[in-house]
Amino acid sequence: MLADALRAAPAGLDEAFTLIDGLDDALVHGLARIDEERAAALESFAAAFTGSPLAGRVTDSIGKIIAGTVTDDHLAVLAGARAALTGAVHDALLDVLDEALGRTREPWPAPATGPTTPAAGHLPAGARSWLRELAIAGWRGVDHELAGGAAQAVQALLAAPGGRRLAVLLDGFAAELRSAAPVAGLDRIPVRRWADLWARAILLAHDGFPAPTAVPADGRFLPLGVDLHEHPTAFRAQAHGLLESPDGQVRLVRASVAAAKVDTISGPSAWRMLSAYPVFLTALAGHRGVEIAGMPLTPAGDLLWDESCAVAGEPADPFATARVRLGAVTAASASPLDRHPAAIAEPVLLEGYTAGADTIDLGGVTLAVDHDRLPAAGPLTPALIAASTACLGLLRWDGGWVVQPLAVQATVRKKPVVVHTADWALGPTEAKAAKAEAAAGTAVEVLRERAGRLLRK
Amino acid sequence: MTSGSAAYERRSAAPVIAPVRPRKLAKVPFVELAEGRLQGVVSSGSDVERVYVSSITAGDHGLSCNTNNNRPCGGLSGGTRACNHLRALADAAVAQYGLDRVARYLKVTVPDGSDDLWSGLHTTTAPNRAAEVFAGFLRHLAYLEVPSTTEPLPDLHWFPAAGAVS
């Protein structure tokens with residue numbers, strides 16, 4: 001049944017992406033250079049919103065942009081309309097998956113006139129003006145100067161409460177543009193990726209981006225697997241797991257901790273940057289549950305990790321947890337503006353498959369293994385996945401379904417082994433990797449010493 | 001049927017930056033390919049309080065090397081023969097990014113079979129950029145003082161940690 005879901009393409013998927021691609025292609029050349037073909041693509045994009053509440057604003061904004069007037073408001077409408085399409089694709093894909101997995105999903109709570117992000121106001125103005133320049137110039141027009149133009153905005157946002165999310169996004173995006181500049185000479189442009197990052201940044205930089213409202217949660221958090229994220233100045237460990245409430249409810253939740261870093265701190269030593277979260281790291285490295293009390297939980301299923309609300313619990317094998325509990329779990333809905341196919345990361349337990357060099361054959365469908373999401377910071381390798389018999393992973397969609405393994409049970413030299421991505425959360429457990437980490441880890445000390453000497457002058 | 005075979009242009013998670021390779025930082029704590037230059041900071045061999053700020057421009061391979069107090073480097077002394085700081089900077093960049101990426105950024109054609117970046121550089125002199133590059137180094141160091149966060153940061157799904165040993 002899962003195989004059927006992974007093979008199926010929801011109705012309207014190709015049409016939605018044709019519209020999205022039309023907009024994305026306009027951003028390659030820049031909104032200052034819209035030829036007839038690109039203008040037609042943008043007009044079809046606008047026409048697709050006919051009859052929706054966005055229709056008037058989308059038609060008006062796109063008309064103005066084609067005529068040569070590119071304001072922050074027009075761009076916000078463009079990004080919002082694109083988010084509506086990616087959101088619809090997200091929902092269609094997830095519906096099929098939920099049905100195949102028998103997963104219940106709680107609807108997003110009705111919008112409250114709640115607080116908006118505290119970064120609203122003058123702070124994101126610098127970000128908006130950089131994003132506007134990018135859209136006007138197009139990716140092909142990005143030179144060294146434009147690529148570097150977000151630096152001040154990022155510094156200001158990093159220092160401001162509520163500015164972190166936009167700062168981390170802009171910094172990762174800008175690093176890619178800097179490494180690719182001048183983009184005019186680049187062979188292949190990551191068209192959809194940069195349009196995604198740009199559109200998300202536009203929405204986050206808009207005044208009034210809704211902030212999540214969290215409520216305190218109690219119970220036992222049982223980690224299933226850990227997804228690691230990294231760009232030159234960020235490292236983040238996100239644990240997917242189950243939250244068993246005292247009333248017996250079992251929910252699928254995430255908990256994550258993120259640190260700022262620099263590019264030379266990478267691989268296993270990046271874990272050193274998260275040392276402020278010993279309960280979290282001990283639970284991940286030791287495969288333990290965590291007793292939580294009064295920890296904020298958002299409607300999107302994110303526990304806002306707070307060590308003072310957490311006590312390390314008993315060992316809990318994630319494979320056993322998944323076998324017993326994952327089948328009947330209740331999942332949360334993504335926040336409306338965060339709905340995007342690339343944000344789908346559904347925990348699954350796969351067993352009884354045939355593993356190939358870079359695929360997992362489930363019988364009826366062959367799922368590609370996403371090797372680009374296997375981190376250097378953990379012991380999981382393509383070879384282990386190829387030798388595996390069971391896999392805890394995330395189902396993701398990027399032009400097609402792929403699996404990102406988070407843990408495997410495998411047979412190596414006739415012996416059973418179990419390997420998780422976060423096994424090295426407290427440092428590598430294997431002698432060779434530990435030695436390499438000890439050498440690389442001095443990077444953190446060297447830079448801290450330099451910072452101590454130079455920053456406080 | 002195999003899933004996940006979308007073109008690079010139509011992938012949200014298309015990889016753009018290769019993870020940097022680990023290297024020792026004591027001698028050259030900071031290297032970057034930015035603003036059209038290979039630039040960075042090289043520790044002084046004799047004085048822990050002093051660093052050299054060195055750069056090589058992309059395209060015309062202009063060299064610059066000064067202390068963080070804006071004194072010219074005695075080794076380079078405004079010439080076109082690289083000083084030890086510039087050599088250390090280039091070595092660190094190659095260790096961090098790989099020869100190909102550094103050569104591509106600087107627009108250097110390294111002769112086939114050679115692993116020496118300098119064999120393809122036709123050096124000139126360049127204006128002093130020490131103040132800008134040093135400010136960049138301080139910004140870089142300041143990341144170590146940014147507090148960690150437990151916010152959900154959903155956009156990080158676009159930035160997977162990669163680089164597992166294959």
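Letters A, B, ... are given to chains in the order of the sequence lines, protein chains preceding strands, and every chain is numbered from 1.
Applying the side-chain hydrogen bond (donor to acceptor under 3.5 Å, both in side chains) definition to pairs two or more places apart or across chains, those involving residues 127-151 of chain B are A:D171-B:Y143, A:Y277-B:S148, A:R456-B:E145, B:R37-B:E132, B:N66-B:N128, B:N70-B:N128, B:R129-B:E132.
In this structure, no portion of A:P341 lies under 4.5 Å from any heavy atom of chain B. Heavy atoms of A:I265 lying under 4.5 Å from chain B belong exclusively to its side chain. For A:W194, the part lying under 4.5 angstrom from a heavy atom of chain B is the side chain only. Of the atoms belonging to A:L304, heavy atoms from both backbone and side chain fall under 4.5 Å from chain B. Proximity to chain B (any heavy atom under 4.5 Å) is shown, for A:D361, by neither the backbone nor the side chain. With a 4.5 Å cut-off on non-hydrogen atoms, A:D306 does not touch chain B at all. Only the side chain of B:V51 has a heavy atom closer than 4.5 Å to any heavy atom of chain A. For A:A342, the parts sitting under 4.5 Å from any heavy atom of chain B are the backbone and the side chain alike. For chain B, the nearby part of A:Q155 is the side chain; its heavy atoms alone come within less than 4.5 Å. No part of A:E449 comes within reach of chain B, as not one of its non-hydrogen atoms sits under 4.5 angstrom from that chain. With a threshold of 4.5 angstrom between heavy atoms, A:S256 approaches chain B through its backbone and through its side chain. Proximity to chain B is limited to the side chain of A:H340, based on heavy atoms less than 4.5 angstrom apart. Only the side chain of A:V168 comes within contact range of chain B, with at least one heavy atom under 4.5 Å from a heavy atom of that chain. Heavy-atom distances place no part of A:E145 under 4.5 Å from chain B, backbone and side chain included. For a residue to count as touching a neighbouring chain, one of its non-hydrogen atoms must lie under 4.5 Å from one of that chain's; by this rule A:A175 touches chain B with backbone and side chain alike.
Between B:R10 and A:D25 there is a salt bridge, since at least one side-chain N of the basic residue sits less than 4.0 Å from a carboxylate O of the acidic one.
For A:R373, the side-chain hydrogen bond (donor to acceptor under 3.5 Å, both in side chains) partners at least two apart in sequence or on another chain are A:D370. Every residue two or more places apart in sequence or in another chain that forms a side-chain contact (heavy atoms from CB on, under 4.5 Å) with B:E9 is listed here: A:R188, A:V191, B:A7.
Near-neighbour residues of residues 94-115 of chain B relative to chain A, defined by a heavy atom under 4.5 Å from a heavy atom of that chain, comprise B:Q96, B:Y97, B:R101, B:Y105.
Residue with the most contacts toward chain A among B:G136, B:A13, B:P160, B:A142: B:P160 (heavy-atom pairs, distance under 4.5 Å). For chain B, the option among A:D372, A:T442, A:V446, A:L158 with the highest count of heavy-atom pairs below 4.5 Å is A:D372. When A:D196, A:D302, A:L274 are compared by the number of non-hydrogen pairs under 4.5 Å with chain B, A:D196 comes out ahead. Options A:D227, A:L380, A:L384, A:I189 differ in how many heavy-atom pairs under 4.5 Å they form with chain B, and the most are formed by A:I189.
In terms of heavy-atom proximity, B:P29 sits nearest to A:L447 at O-CD2, 3.7 Å. When all heavy atoms of A:R450 and B:S43 are compared, the closest pair comes out as NH2-OG, 4.1 Å. Shown here for B:L144 and A:R448, the closest heavy-atom pair between the two residues is CD1-N, 3.8 Å. Here the closest non-hydrogen pair linking B:E49 and A:R453 is OE2-NH1, 2.9 Å.
Contact check for B:F30 versus A:V262: no side-chain heavy atoms found under the 4.5 Å cut-off. Contact annotation: the side chain of B:L33 never approaches that of A:R178 to less than 4.5 Å [non-hydrogen atoms, C-beta and beyond].
The residue from A:R200, A:Q238, A:R254, A:R339 that alone fulfils the side chain to side chain contact (heavy atoms under 4.5 Å, CB included) condition with B:P154 is A:R200.
A donor-acceptor pair under 3.5 Å is formed between the side chain of A:D398 and the backbone N or O of B:S12. The closest donor-acceptor contact from the side chain of A:R236 to the backbone of B:P152 lies under 3.5 Å.
Atom CG in B:L156 sits 10.5 Å away from atom CD in A:E230 (nearest 0.5 Å). Here A:L455 contributes atom CG and B:F137 contributes atom CZ; the two are 8.5 Å apart, rounded to the nearest 0.5 Å. Atom CG of A:L197 is separated from atom CZ of B:F159 by 4.5 Å, given to the nearest 0.5 angstrom. Atoms CG and NE2, from B:D155 and A:H229 in turn, are 11.0 Å apart once rounded to the nearest 0.5 Å.
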*Show the numbers, then the answer: is there a side chain to side chain contact (heavy atoms under 4.5 Å, CB included) between B:W158 and A:L169?*
CA-CA 9 Å; B:W158 272 258; A:L169 169 59; over 6 Å; no

*Might you work through the side chain to side chain contact (heavy atoms under 4.5 Å, CB included) test for B:H157 and A:R396, ending with a clear yes or no?*
CA-CA 10 Å; B:H157 285 276; A:R396 289 186 175 274; 3.0 Å; yes

